[in-house]
Structures are given as structure tokens and as C-alpha cells.
Amino acid sequence: MSLVRAELRKLFGLPTAWVGLVLGTLAAPLIVLLNAPYTRRAIAAGTVTDTSDLGLRDLGLGLIGPMILGVIMVSSEYTSTGPDSPGARQLTTTLTAVPDRRRLLTAKTSALVLVVAAQAAVTAAAALSLVRVLHGDHAPTPAAARVAGAILYWTLTALLAYAVTLITRNGVVPLTLLIINNAVVSVSYLLTKVTDLAAYLPDIVGARMFIRTADFPVEISPLTAGLVMTAWVVALLAVGAVLFHRRDV
């Protein structure tokens with residue numbers, strides 16, 4: 001547990017981590033607020049009849065936060081320790097303090113899960129409470145299982161970013177690709193237009209855990225969606241862990 005606390009202190013000591021925390025926590029409630037006038041008009045006009053996903057859909061825009069946290073949890077270890085020793089990296093110091101790489105990865109993973117799950121819970125509560133205030137009875141309170149699915153989606157997304165960074169040992173490439181896929185153009189979604197198998201890609205299938213009204217090419221139950229995304233994450237984490245154990249510092 002002391003090792004987890006050490007990793008938490010290390011994470012909170014990174015300025016980029018606070019960028020991820022602030023962006024991830026504020027993005028969804030802000031989008032709910034900005035979209036409120038249009039949403040009210042759409043509900044009044046009858047163009048929006050199913051409001052069960054209000055607030056939950058907007059949580060997807062906050063995923064940049066857990067992505068950043070997942071990436072820098074690993075990439076910070078591969079940065080230079082300072083101008084006096086440009087060839088040295090933080091990982092050298094970390095492994096000197098904790099030579100057992102299995103314990104180190106377990107502590108890092110646990111710390112990341114704790115932070116992102118807490119962030120997701122706070123963000124979901126804020127976004128859904130704001131939806132309720134702004135739209136009243138037009139926005140039914142989602143079932144607890146759907147909110148839990150959204151929190152799990154955030155947590156698994158962070159672990160996905162973390163695993164990819166473990167494999168690449170580079171924070172720029174995975175973070176750039178993940179942000180572009182999430183915020184600019186979803187390659188995964190475009191692939192669903194080519195083959196239904198793309199519906200089982202992690203970012204697409206994971207949304208099925210809590211989104212109900214979106215047009216998905218394949219009908220997948222929330223439980224199956226959670227299991228499939230978890231399998232993706234576990235597989236990538238396993239590859240990342242093996243490479244982390246075999247590589248030199």
C-alpha cells in the first residue's frame with residue numbers, strides 16, 4: 001500500500017497530470033451546459049424523444065483526461081532526470097528504489113485505477129446533476145448500472161492508454177493517436193462502416209456498457225461489452241508487462 005501511495009504522490013507531482021484531471025473533470029459538465037439551449041429546443045420541438053442518454057453521452061468528451069493520466073503514468077518514467085544527466089531517466093531511479101518490476105507495475109496500475117475511477121465518479125455525478133437541473137423531468141435519472149458502466153469505461157480507457165504506452169515506451173505517439181481517435185475523427189467508428197467486426201474494437205464496444213440510443217452496427221449487451229473491452233485491456237497489459245520485464249532500463 002505504501003508503494004501505491006508513493007505512485008500517487010509521484011503522479012500528482014506531475015503538472016501534466018493536473019491537466020488531465022482538470023480537463024477530464026470539467027469537459028463533460030461544460031458541454032452539458034453549452035448544449036442546454038439546443039437540447040431544450042430539440043425536446044420542445046419533438047426532434048429528441050429519447051433523453052435517456054443525456055449527460056452520459058457527454059462523458060465521452062472527457063475521456064482525454066484519463067487518456068492523459070494513463071499515458072503519463074508510464075511516459076514520465078522515460079523522461080530525462082535533468083539537464084545534468086540527459087542520458088538518465090526517471091525509471092533508473094524508480095527501479096533502484098523498487099527493483100521488483102512486478103510490484104512496481106502493480107502499484108502503478110492500482111494508483112491509476114484509483115485516480116481515474118474517482119475522477120469518473122465525480123465527473124459523472126456533476127454532469128448528470130447538471131442535466132437534471134437544466135432539463136428536469138425531461139432527463140430521467142439513469143440506472144446505477146449505467147453510471148457504473150460509464151465509470152468502468154473511463155477506467156478501462158485509462159488502462160488502455162497506459163498499456164499502449166508500456167508497449168511503445170513513448171507518450172507522444174499513443175496520446176496523439178488516442179486523442180485524434182476520440183476527439184477529431186474516430187477511426188474505429190469509420191471501420192464499423194466497412195465491417196461489423198469493428199464494433200468489437202475497445203473504444204466502440206466499451207460505449208455499449210452505458211449508451212443506449214446510439215446507432216451501433218451490432219447489438220451487444222452491456223455485460224458482453226464490458227467483458228470484451230476488459231479482454232482487450234488485459235491482453236495489452238499482459239504484452240506491456242512482458243516487454244517491461246524483458247527490456248533493459
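Computed from a predicted model, the values in this text were never measured in an experiment.
Each of I179, I180, L178 was scored for a side-chain contact (heavy atoms from CB on, under 4.5 Å) with T176, with one residue passing: I180. Each of D100, T106, V98 was compared with L3 under the side-chain contact (heavy atoms from CB on, under 4.5 Å) criterion, and only V98 meets it.
A 4.5 Å side-chain heavy-atom check between K108 and Y162 finds at least one atom pair inside the cut-off. By the 4.5 Å heavy-atom criterion applied to side chains, S75 and N170 are not counted as neighbours. Two residues are said to be in side-chain contact when any heavy atoms from C-beta on lie closer than 4.5 Å; T165 and Y78 fail this criterion. Looking at heavy atoms from C-beta onward, L152 lies out of side-chain contact with F210 at the 4.5 angstrom threshold. In this structure, the side chains of T192 and D196 stay at 4.5 Å or more apart for every pair of heavy atoms. With a 4.5 Å cut-off on side-chain heavy atoms, V32 and T39 do not count as touching. The side-chain heavy atoms of P142 and L56, taken from C-beta on, include a pair separated by under 4.5 Å.
Residues L61 and L175 do not share a hydrophobic cluster, clusters being chains of Ile/Leu/Val/Met/Phe/Trp/Tyr side chains in contact below 4.5 Å. Connection of I151 to L21 is established within a shared hydrophobic cluster, with ILVMFWY side chains joined at heavy-atom distances below 4.5 Å, either directly or through further cluster members. Criterion: ILVMFWY side-chain heavy atoms under 4.5 Å apart, direct or through other members. Under it, V131 and V133 are not part of a common hydrophobic cluster. Both L8 and V19 belong to a common hydrophobic cluster when Ile, Leu, Val, Met, Phe, Trp and Tyr are linked at side-chain heavy-atom distances under 4.5 angstrom. Hydrophobic clustering (side-chain heavy atoms under 4.5 Å, transitive across Ile, Leu, Val, Met, Phe, Trp, Tyr) groups V113 together with L166.
For R132, the salt bridge (charged side-chain N to carboxylate O under 4.0 Å, His left out) partners at least two apart in sequence or on another chain are D137.
At distances below 3.5 Å, not a single donor-acceptor pair connects side-chain atoms of R146 with backbone N or O atoms of I211. Counting only distance, with no hydrogens or angles, the side chain of W154 and the backbone of V116 share no donor-acceptor pair below 3.5 Å. Side-chain atoms of Y153 come within 3.5 Å of backbone N or O of D203 as a donor-acceptor pair.
Taking all atoms of both residues into account, the shortest heavy-atom contact from V147 to A124 is CG1-CB, 4.2 Å. Taking each heavy atom of A27 and G62 in turn, the nearest pair found is CB-CA, 4.0 Å. Pairing each heavy atom of P29 with each of L26, the nearest pair is CD-O, 3.4 Å. For S188 against I204, the heavy-atom pair with the smallest separation is CB-CG1, 3.5 Å. Taking both residues in full, the closest heavy atoms of R212 and M209 are given as NH1-O, 3.7 Å, listed atom of the first, atom of the second, then distance. Between G55 and A127, the closest heavy-atom pair is O-CB, 4.4 Å.
Separating the CH2 atom in W18 from the CG atom in L23 is a distance of 13.0 Å, to the nearest 0.5 Å. How far CG of N35 is from CG of L134: 10.5 Å, rounded to the nearest 0.5 Å. In this structure, the separation between CG on L105 and CD on E7 is 9.5 Å, given to the nearest 0.5 Å. Expressed to the nearest 0.5 Å, how far CG of D58 lies from CG of L30 amounts to 10.0 Å.
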Report, one line per pair, each donor and acceptor closer than 3.5 Å where one atom sits in a side chain of residues 63-74; sequence neighbours left out.
none

What side-chain donor-acceptor pairs closer than 3.5 Å can you find for residues 222-243, not counting sequence neighbours?
residue: T224; atom: OG1; partner: S221; partner atom: OG; Å: 2.8
residue: T230; atom: OG1; partner: G226; partner atom: O; Å: 2.7
residue: W232; atom: NE1; partner: Y200; partner atom: O; Å: 2.7

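There is a side-chain donor-acceptor pair under 3.5 Å between T94 and K10.
For CZ of R40, the number of neighbouring non-hydrogen atoms (other residues, nucleotides, ligands) closer than 6.0 Å is greater than 12.
With respect to the salt-bridge test (charged N to carboxylate O, under 4.0 angstrom), the residues R169 and E77 do not qualify.
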